[in-house]
Amino acid sequence: MWLLPTHASFRAGLACALLSVVLGMELSLQESLLLKSLGLSTKPSPKTPVPVPSVLWRIFQKRKTLPSTNKDLADACRVEEFNVPGNIIRVFADQGHFIHDGQPQRLLCLQKRLYFNLSVLEEGERLTMAQLEIKFSHNSYHTSSQGQVFELRLYQTSQMSLRGMSSHEHGRKLLVEQSFAQLHKSLLFNLSGVAKDWRTYSRKASGELQSLCASIDAFLDTSLLVVTLSQQQCKAARKRRSAHYAPLTPSNLCKPRRLYISFSDVGWENWIIAPQGYMANYCLGECPFPLTAELNSTNHAILQTMVHSLDPEGTPQPCCVPVRLSPISILYYDNNDNVVLRHYEDMVVDECGCR
């Protein structure tokens, strides 16, 4: 026996299917808009996630442990650890390669081309710091004779695409030249000036590193830490610095309610490193007549409640909305698998009011 659907049930099923499609499209659109506001073109999907640099972990943990009452007092548009303006910190992994052909017939045993893709920096970001780190693993070098000196030279090359090309074919500028009696575990170089030039003439940074040692390519690791300032985001943040805390109100009145957002619930756990979620909160409650100072009401809202009391059908009550929000910091992988620490404003509802 076959049961044929009635016209009513068929129409109901079709309506549910259409509703599901529409809701899916709306969610996709909302996700795209949110990702764009976070500085991402699409949802990242890191293929081979790199370890989180220790410097980003330290800064993230320090901001995470700040008391909530102090987060607004801290300058969200400054990286205190480096004493520079900024609210976005990225660590770019070196995508360059070692040059094994045409090496000089002396003690110089290595040349490496450094390549950092800076195209992910947005147009509105101001670069305030660029620091190159050259890291050597523990006990990874040795001296063949007492008094041997290690020499390191860092050049800026004028050619953007360096793969397979001899370093003598293109002009280069010496940026750093240092000698070491012993290689340190990690060397840091300030390249802020040349990094700004890289953004002016090219969206990608490149250079050449020469070093003196034996089998250095087995333990050398290079990366570029870049601090930028999203000026539009920080201008909006400064306007909210004068906000204040409101006293407690009865439960049925307008006030913040608890809401925890888990990134795994929205399918973002693969690219957001930390936190796993956060207390976002939301506003809910009544804005009754007469409005009091505890409800953070504007003059307009006070007058609107007065008119509403005289004409309830023609004039709605004011709405309970966020009037003070605080930021959080998020550690994540971007669309190029770089590790990014970014400070985001307006993520946590701290105070509500009638508007």
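- One hydrophobic cluster, built from ILVMFWY side chains closer than 4.5 Å, cannot hold both L188 and L341; they sit in different ones.
- Closest non-hydrogen pair, L127 versus S192, comes out as CD2-O, 4.2 Å.
- Between C254 and C352, a gap of 2.5 Å or greater is found separating the two SG atoms.
- Rounded to the nearest 0.5 angstrom, R324 CZ and D346 CG are separated by 11.5 Å.
- Side chain of N281 to backbone of V349: a donor-acceptor contact under 3.5 angstrom is found.
- Residues V323 and C283 have side chains not in contact (no heavy-atom distance under 4.5 Å, counting atoms from C-beta outward).
- Across every non-hydrogen atom of P85 and L229, the tightest pair is CB-CD2, 4.1 Å.
- For CE of M279, the number of neighbouring non-hydrogen atoms (other residues, nucleotides, ligands) closer than 6.0 Å is greater than 12.
- Side-chain atoms of D94 come within 3.5 Å of backbone N or O of Y115 as a donor-acceptor pair.
- Remark: the backbone N or O of N338 is not paired with any side-chain donor or acceptor of N336 at under 3.5 angstrom.
- Once rounded to the nearest 0.5 Å, the distance linking CG of L174 with CD of Q156 reads 11.0 Å.
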Inset, instruction - Applying salt bridge (Lys or Arg N to Asp or Glu O under 4.0 Å), run through E81 and R58 and close with a yes or a no. - result: CA-CA 10 Å; E81 290 78 4; R58 288 197 302 271; over 6 Å; no

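- The backbone N or O of S41 lies less than 3.5 Å from a partner atom in the side chain of N335, making a donor-acceptor pair.
- Contact of the L114 side chain with the L224 side chain is not registered, since no non-hydrogen atoms from C-beta on lie closer than 4.5 Å.
- Residue-environment remark: CG (D311) exceeds the threshold of 12 foreign heavy atoms within 6.0 Å.
- With hydrogens and angles ignored, the 3.5 Å screen pairs no side-chain donor or acceptor of E269 with any backbone N or O of Q276.
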Inset, instruction - Decide side-chain contact (heavy atoms from CB on, under 4.5 Å) for F116 and L191; before the verdict, give the C-alpha distance in whole Å, the side-chain angles of both, and the deciding distance to 0.1 Å. - result: CA-CA 13 Å; F116 304 101; L191 300 183; over 6 Å; no

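- When side chains are defined from C-beta on, V120 does not count as touching V340, because their heavy atoms never get closer than 4.5 Å.
- Looking at every heavy atom in both residues, M347 comes nearest to I330 through CE-CD1, 4.2 Å.
- Atom CD of residue Q131 and atom OG of residue S223 lie 8.5 Å apart, to the nearest 0.5 angstrom.
- Using a 4.5 Å cut-off between side-chain heavy atoms of Ile, Leu, Val, Met, Phe, Trp and Tyr, with links allowed through other members, V307 and I302 fall into different hydrophobic clusters.
- Side-chain atoms of T305 and P290, non-hydrogen and from C-beta on, never get closer than 4.5 Å to each other.
- Looking at every heavy atom in both residues, K47 comes nearest to D337 through N-OD2, 3.5 Å.
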Inset, instruction - Kindly determine whether N270 and S45 satisfy side-chain hydrogen bond (donor to acceptor under 3.5 Å, both in side chains), including the steps that lead there. - result: CA-CA 7 Å; N270 291 334; S45 180; over 6 Å; no

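- Note on L331: it clusters hydrophobically with V50, by side-chain heavy-atom contacts below 4.5 Å among ILVMFWY residues.
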Inset, instruction - Report the C-alpha distance between T128 and V79 in whole Å, list the side-chain angles of each, state the deciding distance to 0.1 Å, and finish with yes or no for side-chain contact (heavy atoms from CB on, under 4.5 Å). - result: CA-CA 10 Å; T128 60; V79 182; over 6 Å; no

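- The line from CH2 of W271 to CG of L40 is 5.0 Å long, rounded to the nearest 0.5 Å.
- S329 and R63 make their closest contact through OG-CD, 3.3 Å (heavy atoms, listed as atom of the first residue, atom of the second, distance).
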Inset, instruction - Check the pair F82, I59 against side-chain contact (heavy atoms from CB on, under 4.5 Å), reporting the backbone distance first and the verdict last. - result: CA-CA 10 Å; F82 301 123; I59 297 174; 4.0 Å; yes

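- Rounded to the nearest 0.5 Å, atoms OG1 (T228) and CG (L121) are 5.0 Å apart.
- A parallel orientation is assigned to the rings of W268 and F263, their planes being inclined by less than 30° (bins at 30° and 60°).
- With 3.5 Å as the limit, one finds a donor-acceptor pair spanning the side chains of D350 and S326.
- What you find for N87 and C77 is that their closest heavy atoms are CB-CA, 4.5 Å.
- If you check the side chains of S230 and E122, you find no donor sitting under 3.5 Å from an acceptor.
- By the 4.5 Å heavy-atom criterion applied to side chains, L35 and T42 are not counted as neighbours.
- Residues Q304 and T315 have side chains in contact (heavy-atom distance under 4.5 Å, counting atoms from C-beta outward).
- A heavy-atom distance below 4.5 Å is not found between the side chains of V52 and F60.
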Inset, instruction - Apply the test side-chain contact (heavy atoms from CB on, under 4.5 Å) to residues I89 and V55: give CA-CA distance (whole Å), side-chain angles for both, the deciding distance (0.1 Å), then the verdict. - result: CA-CA 10 Å; I89 310 173; V55 61; over 6 Å; no

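- No donor-acceptor pair under 3.5 Å is formed between the side chain of R355 and the backbone N or O of A301.
- Within the model, atoms CZ of R342 and CG of D334 stand 10.5 Å from one another, a figure rounded to the nearest 0.5 Å.
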